[in-house]
Amino acid sequence: MTPDAKMPQFTAPYGPDDAAIASRLLTTARLSPEQDARIDRTATRLIGAIRTTDDRLGGVEDMLREFALSTREGLALMVLAEALLRVPDARTADQFIEDKLGQGDFVHHETKSSAFLVNASAWALGMSARVIQPGETPQGTIGRLAKRLGVPAVRAATRQAMRLMGSHFVLGETIEAALERARPHSARISRYSFDMLGEGARTADDAKRYFKSYASAIEAIGRAAGENPLPDRPGISVKLSALHPRFEAVSHSRVMTELVPRLIELARQAKAYDLNFTVDAEEADRLELSLDAIAAAFSDASLAGWDGFGLAVQAYQKRAEAVIDHVNDLARSLDRRMMVRLVKGAYWDTEIKRAQERGLDGYPVFTRKAMTDLNYIACARKLLNLRPRIFPQFATHNALTVATVLELAGGRGGFEFQRLHGMGDALYEQLGKDHPELAWRTYAPVGSHRDLLAYLVRRLLENGANSSFVAVAADDSVPVGVLLRRPGELIGTADNARHRNIRLPCDLYQPDRVNSRGIEFGDRAALNDLVAAVAASNPQVGELTDATPAIAGDAVIAACSSFRSWSQTSTETRASILERAANLLEQRMAHFITLLQREGGKTLDDSLSEVREAVDFCRYYAAEGRKLFGDGQLMPGPTGESNLLRLRGRGVFVAISPWNFPLAIFLGQVTAALMAGNAVVAKPAEQTPLVAAEAVRLLHDAGVPSSALHLVPGDGGIGAALVAHRDIAGVVFTGSTEAARSINRTLAAKDGAIVPLIAETGGINAMIVDATALPEQVADDVVTSAFRSAGQRCSALRLLFVQDDVADRMIEVIAGAAGELKVGAPADPATHVGPVIDLEAKQRLEAHIARMKQEARVHFAGAAPDGNYVAPHIFELARAEDLSEEIFGPILHVVRYRADHLDRVLASIERSGYGLTLGIHSRIDDTVDAVIERLQVGNIYVNRNMIGAVVGVQPFGGHGLSGTGPKAGGPHYLARFATEQTVTVNTAAAGGNAALMAESD
Ligand SMILES: Cc1cc2nc3c(=O)[nH]c(=O)nc-3n(C[C@H](O)[C@H](O)[C@H](O)COP(=O)(O)OP(=O)(O)OC[C@H]3O[C@@H](n4cnc5c(N)ncnc54)[C@H](O)[C@@H]3O)c2cc1C
């Protein structure tokens, strides 16, 4: 189902320049002095109410009073509570508590356990105003408590604290309980919007479960709704990501056919009770998809005549005003009314990180809070002007924002405020007293404690952040005047619109280098442009003829003869050539993506990432080369002589690369060798010579002399001939461990100089998941690590160790999420898993699958279309040792372990002899530290996926059977391609040490 062709489709620039928006908003934001004075008066009264309330923490103190513990202890326990909640076994729970009690200070652990720190920041900022004394920490308090009561009692009390925290921010565990709790405020039950908590669906079963829970909640709310007409009726808030396991831009058509009917069904049900039905706003890359789904559902004829359908709009998004215009157009074109909740936005930190990771031109959100506030006011004005077609709902706990909206409303009704349950109580009570005619709705989360976590973390972050109004308003030391400063005044001029310390994604690595440019697939215009450019690109590269051993030998001789002049080319020139190559790569991105898809079977996302990685290699080695190969390093020594250490090229390097990263690894090897001043003979994998040919052409176009870089396509025999050649000065190789061994033997058997071998090989990469990990996050990271690129990455996850207490649920979510992956043609942007490289690979993988079906427990066996496709599979093994070799495809092996047998897990990882990548999912820092300390693995990833190492950020390469190092894309790599030379000059040789003699006393 797609939106009606007549329906306007939303378009707006994704991350436009902040300054341009600021200059527009700054001119329109001005109000008259009388208006400003009224806003000051209202806001001051509201802030006064917040500050005089006995219940500044919005109810927490009240609840804690019920506790036998002091408020301080109660708050400290809450800090522990959120992660403990999902730990089923007492052993891990105690370990977790002890781990937190043992920590010296939070600042020290900042980088290790950010989620824990979130709570610590709530402790330190949001809730601390009167409760906590300077120098007190949660763990200090809990430490004393543990001494007094013992760890088991602390554990029990922590669980109790969790319940308290839950009841503070969550209205009830079930909709019935929530309605019951809301009933005493029956005057206001009509202004509740209930939200069913959850992490978003990862599996089809999750989506069904959420649908059912929304449907039964609507039923229950509807029955309790009373007789008042809209807007004075309760409602429900719905997250689209809960209704579909792949709510993402690339799965657009699936979402439209599968999710929209569900959305319509829920909306019809809400219409039957004339409820307010609001679609929550989620991440920026889902905005266009959300608006398409909303338009399709809203325009369904069955919903005509109902004014309760609505959506949330985030003012921190630069597209917020455009969204409001779009929604208004939609409502007008159907001659219907709509409700619009204006929020500032809850995912700010995530948005900043995502834009940086994807290398976007600009952020989709503002980087200064005052810009968000300014935009909120502009959006509020727009919404108020659209009354009554639009019914604005202003969701905020900020007294200044409330006062400004009130002023802009101009004494006319037709709107409401909204607040979150457990927040803003004092503010809205005061508002109600001063303006009895005003209405506000309470957003009331409903859910079990298991589903509480993500919501709680958001709220604690909001309560604790420096920039948050509620945190600052609770702090008496901040003068009211500071809280009344207008966003326009804080920004001043348009050139201040961007945060000074938050660099644009392209500047992330400055001053060394420019970040590679990426594309946001959630930006339809950008995605369409890319897809069109890829489709238009001619994949015809030329004719391929494999080299013969004689040709390979000639290439080495030719490279030898050009070595001297290339190595004497200045460092700056060599670096500039690599940077030119990077720029050319970005210009020819579509062409390379086409080739990567046709020759390497790569999905669109994988191809784009690979081109970006190649760009990063070129720029990174250029920047590193400038540092290492410039003028050399002056060494200290006695007076009267100079000592200079410098690096120079070795000679001819042979670069042998694999098919799984035919562009990035190929170019990474070649550019490193060239930057170090070597001539290069490159032999690409026999499966992917065309990508390599184009990469070599690109380097030649960028200025690498053709005599300094030679392409020698062919099979392993050609590689062997090159390695055996007398005149080579080094080999850089990425591929199998056996091939690396054979190269090593050939090199060792040769007479003449002993040359270096830089080898990067495979691994049986493991991930360890304990009971403190979040299943949904684990599922995302496991599915990405094991199945992305059809498992054909050397970093891919092969062996998953899961603590047995939580294994059933973890495996269920992982298997369910694997089942939602689309296996198919790489040219289709919706594809998650493309083909394996060739028939031989497919047959090898199928043989392994057949064997596993006999020997292991099958948790998931996907279905693949015809062709060289292998669907994801998940097998459970009795012992880790049952997997003895690297299986290079989308096949995941799972092993359960007992919490007290972690040591055995580590021993079995060690015994494999490999050491490439490792994943750990745990909230227990001691466990994480112990694993890192013990295992000599090249790349360890904690609480995230374990693939996609970024050049210059996560230098990549392994240990033991996984490679020799140094790591590609790291600061020690280039030096391995170079030889060293020390030049000592007796500066006193001609006529004595004049410099020394000239030193004055
Ligand atoms: C009833 C209700 C429903 C909600 N529904 C949604 C929803 O559907 N989707 C959603 O995303 N959120 C939703 N929220 C959460 C909402 O986004 C936050 O509660 C809100 O941003 C807090 O704003 P404030 O005016 O209360 O506080 P303030 O303290 O004035 O504002 C805090 C906000 O400013 C923004 N901000 C902070 N730092 C920066 C910065 N450096 N640069 C730019 N902006 C910054 C962030 O949005 C942050 O949340 C809802 C909130 C309420 C009350």
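We use all heavy atoms of the structure for the numbers below, so side chains are in, but hydrogens, waters and symmetry mates are not. Start at 1 and go down the list; that is how both ligands and their atoms are numbered.
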Looking only at distance, does [X] have an N or O less than 3.5 Å from an N or O of ligand 1?
X: V470; value: no
X: R341; value: yes
X: R419; value: no
X: V343; value: no
X: A312; value: no
X: N398; value: yes
X: A346; value: yes
X: Y443; value: no
X: T367; value: yes
X: A395; value: no

Donor-acceptor under 3.5 Å ([X] side chain, [Y] main chain):
X: W306; Y: R337; value: no
X: R503; Y: Q510; value: yes
X: E288; Y: R524; value: yes
X: R341; Y: D280; value: no

Using a strict cut-off of 4.0 Å, indicate which atoms of ligand 1 neighbour a heavy atom of [X].
X: F366; value: 42 (N), 43 (C)
X: S468; value: 29 (O)
X: Y316; value: 47 (O)

With heavy atoms under 4.0 Å as the rule, classify the contact between [X] and ligand 1 as side chain, backbone, both or neither.
X: Y347; answer: side chain
X: T396; answer: both
X: Q314; answer: side chain

message = With heavy-atom distances below 4.5 Å as the criterion, would you say the side chains of F391 and L230 are in contact?
response =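 Heavy-atom side-chain distance check fails, nothing below 4.5 Å.
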inquiry  = Assess whether a salt bridge exists between R286 and E283, defined as any Lys/Arg side-chain N lying under 4.0 Å from an Asp/Glu carboxylate O.
reply    =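 Result for this pair is yes, salt bridge flagged.
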query = Relative to each other, are the rings of H326 and F10 parallel, tilted or perpendicular (30° and 60° limits)?
reply =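 The rings of H326 and F10 stand perpendicular, inter-plane angle above 60°.
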inquiry  = Parallel, tilted or perpendicular, judged at 30° and 60°: which one describes the rings of Y210 and Y214?
reply    =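 Tilted: the ring planes of Y210 and Y214 meet at 30° to 60°.
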request  = Determine, considering heavy atoms only, which of Q393, K344, Q418 sits nearest to atom 33 (C) of ligand 1.
outcome  =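 Answer by nearest heavy atom: K344.
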